[in-house]
Amino acid sequence: MKNRILIFDTTLRDGEQAAGTRLGPQEKLKIARQLERLGVDVMEVGFPASSPGDFEAVRAIGKEIHQPIVCALTRCRSEDIEIAGKALKGVSKSRIHTGLGVSDIHIESKLRKTRTEVLKMAAQSVKLAKKFAGEVEFYAEDAGRAEPGFLLEMVEAVIEAGAKIINIPDTTGYTMPEQFASLIMKIREEVPNISQAIISVHCHNDLGLAVANSLAGVKAGARQVECTINGVGERAGNASLEEIVMALKVRSDYFGFSTGIKTVELYRTSRLVSHLLGISVPPNKAIIGKNAFAHSSGIHVDGFLKDRKTYEIMKPEEVGVQQSDVVLTARSGRHALKHRLEELGYKLKGEKLSQVYERFITVADRKQEVFDEDLEAIVEDEITTTSETYILEYFNTVSGNKTIPTATVKLKKGNAVSQEAACGDGPVDAAYKAIDRITKLKAKLVDYSLQAVTGGKDALGEVHVKVAVGNRTVAGRGASTDIIEASVKAYVNAVNRLLAKRRRA
Ligand code: KIV
Ligand code: ZN
């Protein structure tokens, strides 16, 4: 326990204060269950006096959650504290988190009180809260901008009144890491009764420093960190739990601390919170963003494929992400392409690999990312010999509002030319039936989509199809200014890819 940092999660209280979000009691309960699985030490789950929904959420979570401490927020007001006490009644491990503003701007402009008055309110509230919960934490709101002498006086007074955890929030995200560390150090050195309490840090991200400030606080002696999943919270948010936890884990050589967090649950927790709050995670977000373990540029991919440690300081599995990702783009290089082709079952080298690489670069220049299905299409085009591929020689369709749609299609395979005609529900359906007659495949069209890839009357239409034969499904693509021709080409392309797959199998 000596080297343990306590993780106080406030996703369900401060996190839910993020603009435009609201969680109902059932949604909060779902997240609370996952936070328990994650192994947080304390979860702050609401502000019961603020609304009946929050009261209910605190009650419901308190009944069900037994491992972590369940905490409720109050202001330094007796009615808030009594309501929180009611919500926490019967909870196995409970905490009331009470407090008020301690900076002059908060005392004078928001609370309209004097320093002496707020000192008295704080001590009285702590004493009252002790009657309603297992333990009391006191928050000195806006401590980051408070006059340090007064802050020390306040901390001493609330410890004297019985607070066991002292929260030093940088409410407005104003401090710099070194300053914040000095403040924590000063409290440790100058508050006479500080050994009777744990110092907690609670940093906001207005200048993007919430995590840095929290970690500086830990270095200076804080033993509890308040944070939220995905860093959600008021304005620019709170310190992100996953970043704090992984910084402490990956750099345990530097900090010398551990947490009780089961890091393999981080990704799942992040997804759940993002989904229920409706706040998406940016791809470049540390630890749990889509790109956090994705390698793309040639130099990086080359190093990563030789030894993942060249560009990874932690394993994706540690945070619950299945595996690292090599994203193929125009910058990925030959090594990355060869590696992905091998994963897809193609062992190419020499001239063939160069041909595929040339095609790959052309596609990659047009697209942000080259997917496996693009690669399969390129490779099959390049390695399939013409004698094994159907080539569209000719097609003709007839359709109209008083005509039965019919199609004639001529395909060439090697030296053999075959022609068939068929009727259908429309010209595309008729053409596909004619192709089936030639290939003798019992193919089923499972998906068809058409999109314009250029603008105007002469737009190039691109058709994507998915065709299934037995338990095999393949995708095909065709482009033309004539959408029937694009459709026919896409189907022929799918048939060829299916035949190539069969041959490989
Ligand atoms: O940021 C803050 O100061 C808070 C307190 C209520 C703890 O969220
Ligand atoms: Zn806050």
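Every number for a ligand or one of its atoms is a count from 1 in the order of the listing. Just so you know, these numbers come straight off a predicted model, no measurement behind them.
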Peer 1: Check ligand 1 against N167 and write out every atom of the ligand that is under 4.0 Å from a heavy-atom position of the residue.
Peer 2: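 With N167 as reference, the close atoms of ligand 1 come out as 7 (C).
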Peer 1: Heavy-atom count around D253 CG within 6.0 Å, excluding the residue itself: above 12?
Peer 2: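 Counting other residues, nucleotides and ligands, CG of D253 exceeds 12 neighbours.
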Peer 1: So is Q17 in contact with ligand 1, going by heavy-atom distances below 4.0 Å?
Peer 2: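 Per 4.0 Å heavy-atom rule, Q17 does not contact ligand 1.
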Peer 1: Can you name the atoms of ligand 1, numbered from 1 with element, that are less than 4.0 Å from a heavy atom of D14?
Peer 2: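 Numbered from 1, ligand 1 contributes 8 (O).
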Peer 1: When you check the gap from the basic side-chain N to the acidic O, do E137 and K164 get nearer than 4.0 Å?
Peer 2: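 Salt bridge absent between E137 and K164.
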Peer 1: Tell me if the CD atom of E79 is crowded by more than 12 foreign heavy atoms within 6.0 Å.
Peer 2: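 Buried by this count: over 12 neighbours within 6.0 Å.
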Peer 1: Please could you name the atoms of ligand 1 that E141 approaches to less than 4.0 Å, counting only its heavy atoms?
Peer 2: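 Ligand 1 atoms under the 4.0 Å threshold to E141: 3 (O).
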Peer 1: Mind checking whether H202 has an N or O less than 3.5 Å away from an N or O of ligand 1?
Peer 2: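 Indeed, backbone or side chain, H202 has an N or O that close.
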Peer 1: How open is the angle at the Zn ion (ligand 2) from atom NE2 of H202 over to atom NE2 of H204, rounded to 10 degrees?
Peer 2: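 The NE2/NE2 angle about the Zn ion (ligand 2) sits at 100°.
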Peer 1: Using the six-membered ring wherever Trp is involved, compare the ring planes of H97 and F8 and label them parallel, tilted or perpendicular (cut-offs 30° and 60°).
Peer 2: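 Perpendicular, since the angle between the ring planes exceeds 60°.
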Peer 1: Looking only at N, O or S atoms, which one in D14 sits nearest to the Zn ion (ligand 2)?
Peer 2: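 Result for D14 and the Zn ion (ligand 2): OD2.
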Peer 1: Does E234 put an N, O or S atom under 2.8 Å from the Zn ion (ligand 2)?
Peer 2: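 Given the 2.8 Å cut-off, E234 does not count as a ligand of the Zn ion (ligand 2).
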Peer 1: Provide the number and element of each atom of ligand 1 under 4.0 Å from a heavy atom of T171.
Peer 2: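 Those atoms are 1 (O), 2 (C), 3 (O).
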Peer 1: Judged by modelled atom types alone, do E141 and T171 share a side-chain donor-acceptor pair under 3.5 Å?
Peer 2: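 Their side chains do not contain a donor-acceptor pair, so the 3.5 Å distance test is not met.
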Peer 1: Can T228 and N238 be counted as having a side-chain donor-acceptor contact under 3.5 angstrom?
Peer 2: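 Distance-only check fails for T228 and N238.
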Peer 1: Any chance the side chains of N230 and S270 put a donor and an acceptor closer than 3.5 Å?
Peer 2: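 Yes, because at least one side-chain N or O of N230 sits under 3.5 Å from a partner of the opposite role on S270.
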Peer 1: Using heavy atoms and a threshold below 4.0 Å, how should the contact between R235 and ligand 1 be classified: side chain, backbone, both, or neither?
Peer 2: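 It is neither; nothing of R235 touches ligand 1.
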Peer 1: For ligand 1, which atoms have a heavy atom of H204 less than 4.0 angstrom away?
Peer 2: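 So the answer, numbered in order with elements, is 1 (O).
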Peer 1: Mind telling me whether Y311 and H300 have parallel, tilted or perpendicular rings, with 30° and 60° as the class edges?
Peer 2: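 Correct class here is parallel.
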